[in-house]
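Taking it in order: structure first as structure tokens, then the write-up.
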Amino acid sequence: MRPGKLAKLTQDESQEVQLLRKAARELASRRAKVEHVFRDIKIRFGYAKNRYRGLANNAARLTFLTAIANVLCGDAYERRCLIAAEI
């Protein structure tokens, strides 16, 4: 739901409004986590433009790039945890 429409619908503080806000926040959080991986793929690996090589080749390349992006995110997470443990 767009922010302006959500603001109009949620002017009072009823139980339904709080549930609607919580659902919108959960959706935005999930969307941010998912789209972050695709941003990494586009920027780090240059996958902004796609060549037509067939569905199987494109699917295989996207699967491989997603796996590499997840490995890099996991590596960054481990480094952050190590730095935080030293502090």
Side-chain angles (χ1 to χ4, degrees):
M1 186 177 300
R2 296 178 88 44
K5 190 170 187 179
L6 183 64
K8 286 179 186 176
L9 288 175
T10 60
Q11 289 180 356
D12 58 345
E13 291 296 327
S14 67
Q15 187 75 13
E16 295 171 357
V17 169
Q18 290 176 357
L19 186 64
L20 187 60
R21 283 185 182 160
K22 187 176 180 181
R25 184 174 179 87
E26 177 68 28
L27 181 64
S29 174
R30 188 173 300 157
R31 185 178 292 142
K33 289 174 188 168
V34 169
E35 290 181 1
H36 181 74
V37 176
F38 288 106
R39 182 194 66 85
D40 280 348
I41 291 171
K42 286 175 71 175
I43 291 173
R44 287 185 184 176
F45 306 117
Y47 203 70
K49 293 186 179 178
N50 191 7
R51 285 181 44 206
Y52 293 103
R53 350 172 153 207
L55 289 176
N57 289 341
N58 283 336
R61 184 173 182 210
L62 187 60
T63 303
F64 176 73
L65 290 176
T66 306
I68 295 296
N70 284 334
V71 168
L72 292 176
C73 287
D75 184 47
Y77 177 76
E78 286 182 356
R79 280 186 272 133
R80 283 194 308 268
C81 289
L82 287 174
I83 291 171
E86 291 177 0
I87 295 177

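Both backbone and side-chain heavy atoms feed into the values below; hydrogens, waters and symmetry mates do not. Every value quoted in this text rests on a predicted model; they were computed, and no experiment measured them.
Salt bridge status for Lys22 with Glu26: absent, with no side-chain N to carboxylate O gap under 4.0 Å.
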Distance-only criterion, 3.5 Å: show the donor-acceptor pairs between side-chain atoms of residues 64-76 and protein atoms not counting sequence neighbours.
unit_1: Thr66; atom_1: OG1; unit_2: Leu62; atom_2: O; d: 2.7
unit_1: Asn70; atom_1: ND2; unit_2: Thr66; atom_2: O; d: 3.4
unit_1: Asp75; atom_1: OD2; unit_2: Arg79; atom_2: NE; d: 3.4
unit_1: Asp75; atom_1: OD2; unit_2: Arg79; atom_2: NH2; d: 3.2

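Annotation: Phe38, atom CZ; neighbour count of heavy atoms from other residues, nucleotides and ligands within 6.0 Å does not exceed 12.
Among residues two or more places apart in sequence or in another chain, the side-chain hydrogen bond (donor to acceptor under 3.5 Å, both in side chains) test is passed with Glu78 by none. When the salt bridge (charged side-chain N to carboxylate O under 4.0 Å, His left out) test is applied to Glu35, no partner is found at least two apart in sequence or on another chain. The side-chain contact (heavy atoms from CB on, under 4.5 Å) check on Arg25 picks up nothing, with sequence neighbours excluded.
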